[in-house]
Amino acid sequence: MAGVRKLDLEESLELGPNWRHACHALLYAPDPRLLFGRIPLRYAVLMQMRFDGRLGFPGGFVTLQNESLEDGLNRELGEELGDAAAAFRVERADHRSSRTVSDRCVVTHFYVKRLTLEQLAAVEIGAPHAKDHGLEVLGLVRVPLYTLRDGVGGLPAFLENTFIGTAREQLLEALQDLGLLKSGSVSALH
């Protein structure tokens with residue numbers, strides 16, 4: 001994406017009043033189950049289908065005059081995911097990266113939060129009752145973190161979808177940084 005630049009969080013907060021800030025979170029949980037009794041799932045990672053038909057992460061714009069980045073993100077999670085989002089809180093320690101989109105004067109902040117599988121399942125169950133379900137959010141989807149024998153099914157096929165902004169890159173970076181895939185898997189997908 002043209003005009004996108006990584007920067008540290010402190011630098012992003014000093015950009016001034018003309019810049020808008022958007023916060024999004026990757027929510028994940030360890031998942032010890034096997035698909036078809038033989039394919040290890042390892043982790044459940046949530047993304048959402050947005051109103052525009054693109055995949056992205058839950059979150060949205062925050063107003064720094066009224067709230068902190070994290071307060072705004074947690075508010076957005078409640079609106080998009082429902083009451084189950086109140087069972088956890090995304091904190092500053094969960095921040096992974098910030099990027100500017102200079103042609104739009106937008107700073108995107110990306111967070112990663114580890115949940116229990118029970119918390120993640122509660123989010124999935126409750127999301128259809130959230131305020132923004134059917135409006136901004138059309139549904140949640142789990143990212144398949146495996147590749148089928150044909151070399152296409154699973155994560156490679158999932159990555160062929162259309163993602164909003166830098167969500168695809170954020171997903172791949174997080175999967176690699178957190179070690180959620182078998183080693184070497186992410187580099188083969190770029």
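The structure presented is a predicted model; accordingly, all values stated were derived computationally and were not measured.
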Here the ring-ring contact (aromatic ring centres under 6.0 Å, His included) pairs for residues 64-83, sequence neighbours left out, are none
Does any non-hydrogen side-chain atom of Val143 lie less than 4.5 Å from one of Leu171? yes
Between Glu173 and Arg168, is a salt bridge (Lys or Arg N to Asp or Glu O under 4.0 Å) present by the stated rule, with each step listed? CA-CA 9 Å; Glu173 284 177 15; Arg168 184 182 189 277; over 6 Å; no
Can you name the side chain to side chain donor-acceptor pair (under 3.5 Å) partners of Arg50, sequence neighbours left out? Asp52
Quick one: salt bridge (Lys or Arg N to Asp or Glu O under 4.0 Å) partners of Arg38, sequence neighbours excluded? none
Should Met49 and Val123 be regarded as members of a common hydrophobic cluster, given that ILVMFWY residues are connected when their side-chain heavy atoms come within less than 4.5 Å of each other, either directly or indirectly? no
Who passes side chain to side chain donor-acceptor pair (under 3.5 Å) against Ser68, sequence neighbours left out? Asp71
State plainly whether the residues Asp31 and Arg42 are in salt-bridge range, i.e. N to O under 4.0 Å. no
Taking only residues two or more places apart in sequence or in another chain, which ones pass side chain to side chain donor-acceptor pair (under 3.5 Å) with Gln170? none
More than 12 heavy atoms of other residues, nucleotides or ligands under 6.0 Å from CZ of Arg5: is that the case? yes
According to salt bridge (Lys or Arg N to Asp or Glu O under 4.0 Å), who are the partners of Glu70, at least two apart in sequence or on a separate chain? Arg92
Are Leu180 and Leu159 co-members of a hydrophobic cluster defined by side-chain heavy atoms under 4.5 Å apart? yes
Quick one: do Val152 and Ile39 end up in the same hydrophobic cluster if we chain Ile, Leu, Val, Met, Phe, Trp and Tyr together by side-chain heavy atoms under 4.5 Å apart? no
Please answer: with hydrophobic residues joined when any side-chain heavy atoms are less than 4.5 Å apart, are Leu178 and Leu145 in the same cluster? yes
Count the heavy atoms belonging to other residues, nucleotides or ligands that lie under 6.0 Å from CG of Asp83, then report whether that count exceeds 12. no
Are Arg75 and Glu80 ion-paired here, with the side-chain N under 4.0 Å from a carboxylate O? no
Under the salt bridge (Lys or Arg N to Asp or Glu O under 4.0 Å) rule, what pairs show up with a residue in residues 113-125, not counting sequence neighbours? Asp94-Lys113, Glu124-Arg142
Quick one: which residue pairs count as a ring-ring contact (aromatic ring centres under 6.0 Å, His included) with a foot in residues 129-180, not counting sequence neighbours? Phe158-Phe163
Ignoring hydrogens and angles, write down the donor-acceptor pairs under 3.5 Å from the side chains of residues 7-18, residues two or more places apart or on other chains.
unit_1: Asp8; atom_1: OD1; unit_2: Glu10; atom_2: N; d: 3.4
unit_1: Asp8; atom_1: OD1; unit_2: Glu11; atom_2: N; d: 2.7
unit_1: Ser12; atom_1: OG; unit_2: Leu9; atom_2: O; d: 2.6

Look at the side-chain heavy atoms of Ile, Leu, Val, Met, Phe, Trp and Tyr, link any pair under 4.5 Å apart, and say whether Leu181 and Met47 land in one connected group. yes
Interatomic spacing from CG in Leu135 to CD in Glu79 - rounded to 0.5 Å: 11.0 Å
Residue pairs passing the side chain to side chain donor-acceptor pair (under 3.5 Å) test with at least one member in residues 20-30, sequence neighbours excluded, are His21-His109
Backbone N/O of Val90 and side chain of Asn74: donor-acceptor pair under 3.5 Å: yes
Donor-acceptor list for residues 53-66 side chains, cut-off 3.5 Å, not counting sequence neighbours:
none

Which residues satisfy the side chain to side chain donor-acceptor pair (under 3.5 Å) test with Lys131, sequence neighbours excluded? none
Compare every heavy atom of Ala85 with every heavy atom of Leu81, then report the nearest pair and how far apart it is. CB-CB, 4.3 Å
Measure across Gly82 and Ala130 and return the closest heavy-atom pair with its distance rounded to 0.1 Å. N-CB, 3.3 Å
Heavy-atom nearest pair, Ser97 first then Arg99, reads OG-NH1, 3.5 Å
Would you please test Cys23 and Tyr111 for side-chain contact (heavy atoms from CB on, under 4.5 Å) and show each step? CA-CA 7 Å; Cys23 298; Tyr111 294 76; 4.1 Å; yes
Is any side-chain heavy atom of Phe88 closer than 4.5 Å to one of Leu27? yes
Strictly distance-based, threshold 3.5 Å: is any side-chain N or O of Thr116 a donor or acceptor partner for the main-chain N or O of Gln119? yes
Could you give me the CA-CA distance, side-chain angles and deciding distance for Leu26 and Phe110, then say whether side-chain contact (heavy atoms from CB on, under 4.5 Å) is met? CA-CA 8 Å; Leu26 178 151; Phe110 186 60; 3.7 Å; yes
Verdict with reasoning, Thr166 to Val4, per side-chain contact (heavy atoms from CB on, under 4.5 Å): CA-CA 9 Å; Thr166 58; Val4 175; 4.0 Å; yes
Begin with the C-alpha distance, continue with both residues' side-chain angles, and end with the deciding distance and a verdict on side-chain contact (heavy atoms from CB on, under 4.5 Å) for Val45 and Leu175. CA-CA 9 Å; Val45 174; Leu175 294 177; 4.2 Å; yes
